Amino acid sequence: MRSQDIKFVKNFENHVKQTIHKYKLLTKKDKVLVACSGGKDSTIVLYILNKFGYKPEALIIDLEIGKWSDENLENLKYNIMTRNGVFGNLQGKDIPLHVISPREIFGTSVCYLKSLAKENAGITSCMICGVMKKWLLNKKARELNATKIATGHNMDDEAQNLILNMLKGNPEMCANLGPMTGKIKDKLFVDRIKPLYFTPEADIRRYSELMGFKIQYDRCPCSVDGYRKEIRAMLNELEKKHPGIKENLVKNLAAVKKVRTPMRYKKLIGNGTRKSGNESILYCESCGEPARNRTCRLCQILACIKGDSQNKL
Ligand code: AMP
Ligand code: ZN
């Protein structure tokens with residue numbers, strides 16, 4: 001590696017370390033599960049947490065999106081192999097890898113669910129995938145006694161999410177943003193952390209390439225969210241003209257979240273009837289998972305798909 005690249009790698013890792021410390025994302029007592037897609041962001045989170053000595057475990061949901069998913073799974077397995085993989089130079093111990101199959105859990109493939117969701121309820125492929133991933137991650141993390149779930153969300157993702165939530169009229173969804181979600185504690189809810197929250201996508205790509213991770217850089221072939229594409233392009237254009245705007249967006253949101261009292265958050269989230277210990281998270285009447293309403297988002301979607309729900313999503 002050239003000397004400027006060595007410097008970049010060091011700065012990159014220090015920046016992530018600072019985010020973890022400043023926002024108290026993790027302690028060495030935590031059992032952290034990294035939600036791995038096989039892509040660059042979550043692979044880096046796994047690598048860096050391992051390097052910092054947090055002893056992470058990896059979990060991948062096999063979405064069975066043909067060759068794309070197969071390659072991601074293979075790449076992840078390859079990268080974390082201690083003997084030959086890129087992680088091999090770190091420690092002698094393998095990182096435990098949990099592979100979750102939605103087909104086994106839901107009795108059908110994600111692709112089939114997506115096509116039904118589109119046909120019967122007009123729900124986009126990305127929406128059902130996102131809701132299902134969150135539901136599965138929380139449930140599996142609990143089963144594995146994890147105290148934190150780390151995801152690979154980066155600064156660009158979060159800036160886009162912030163704008164999208166505002167433009168779509170879902171400001172309450174901003175409670176999910178920030179370096180750590182789960183300010184509201186509940187025994188069934190595992191906190192989610194985003195160590196790359198303050199790291200721009202371009203730096204992530206450079207780091208991944210320099211480290212030689214085996215990565216598929218294409219986006220998911222099912223990703224057809226035109227709205228997000230427009231917002232991404234707009235933010236990239238603005239960033240060129242006004243460097244630092246993405247960072248300002250995510251930093252300001254994190255600052256606003258810090259000064260909000262929990263009561264203010266409680267007003268933002270949830271309005272159902274059955275309450276958990278802290279009055280803000282409910283338990284889904286159908287699956288028992290934590291929810292914002294009587295029925296969780298996933299069960300609402302599944303009911304809509306089956307056509308036995310009167311609720312409009
Ligand atoms: P995405 O919503 O695809 O942009 O992914 C956001 C984050 O969710 C990634 O950085 C991962 O941490 C996690 N993630 C995405 N896909 C998967 C998957 N198939 N299995 C486990 N975690 C995933
Ligand atoms: Zn449910």
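Predicted model only: the values in this text are computed from it and were never measured. When a ligand or atom number is given, it counts from 1 through the structure's own listing order. Positions are given from 1 along the sequence. The analysis underlying the following values was restricted to heavy atoms, covering all of them including side chains, and did not include hydrogens, waters or symmetry mates.
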For [X], take its heavy atoms, then give the atoms of ligand 1 lying under 4.0 Å from any of them.
| X | answer |
| --- | --- |
| Leu59 | 21 (C) |
| Leu63 | 19 (N) |
| Lys133 | 2 (O), 3 (O), 15 (C), 16 (N), 17 (C) |

Quick test: of every protein heavy atom, which one is nearest to [atom], and how far off is it to 0.1 Å?
| atom | answer |
| --- | --- |
| atom 20 (N) of ligand 1 | Ile61 N, 2.9 Å |
| atom 14 (N) of ligand 1 | Ser37 CB, 4.0 Å |
| atom 13 (C) of ligand 1 | Ala35 O, 3.8 Å |
| atom 9 (C) of ligand 1 | Gly152 N, 3.9 Å |

>> So does His153 get a backbone contact from the side chain of Asp41, meaning a donor-acceptor N/O pair under 3.5 Å?
In response: no

> Sorted by chain and residue number, which protein N/O/S atoms are under 2.8 Å from the Zn ion (ligand 2)?
Replying inline: Cys284 SG, Cys287 SG, Cys296 SG, Cys299 SG

>> Cation-pi check for Phe213 against Lys40: NZ or CZ below 6.0 Å from the six-membered ring centre and within 45 degrees of the axis, yes or no?
In response: no

Looking just at side-chain N and O atoms, do [X] and [Y] make a donor-acceptor pair shorter than 3.5 Å?
| X | Y | answer |
| --- | --- | --- |
| Thr295 | Ser286 | no |
| Thr199 | Asn154 | no |
| Asn79 | Tyr47 | no |
| Ser208 | Tyr217 | yes |

>> My question is simple, although I want it checked carefully: is atom 16 (N) of ligand 1 less than 4.0 angstrom from any protein heavy atom?
In response: yes

> Of the backbone atoms (N, CA, C, O) and the side-chain heavy atoms from C-beta on, which set of His153 has a member under 4.0 Å from an atom of ligand 1: side chain, backbone, both, or neither?
Replying inline: both

> Charged N to carboxylate O under 4.0 angstrom, Glu201 versus Arg205?
Replying inline: no

> In terms of side-chain geometry, is the basic nitrogen of Lys134 or Glu289 positioned less than 4.0 Å from the acidic oxygen of its partner?
Replying inline: no

> Under 4.5 Å between any side-chain heavy atoms of Met155 and Tyr197, yes or no?
Replying inline: no

> Can you tell me if Cys36 has a non-hydrogen atom under 4.0 Å from ligand 1?
Replying inline: yes

> Can you find a non-hydrogen atom of Asp157 under 4.0 Å from ligand 1?
Replying inline: no

> Counting heavy atoms not belonging to Gln4, are there more than 12 under 6.0 Å from its CD?
Replying inline: yes

>> Looking at Lys10, I'd like to know if its NZ atom is crowded, meaning that more than 12 non-hydrogen atoms belonging to other residues, nucleotides or ligands lie closer than 6.0 Å.
In response: no

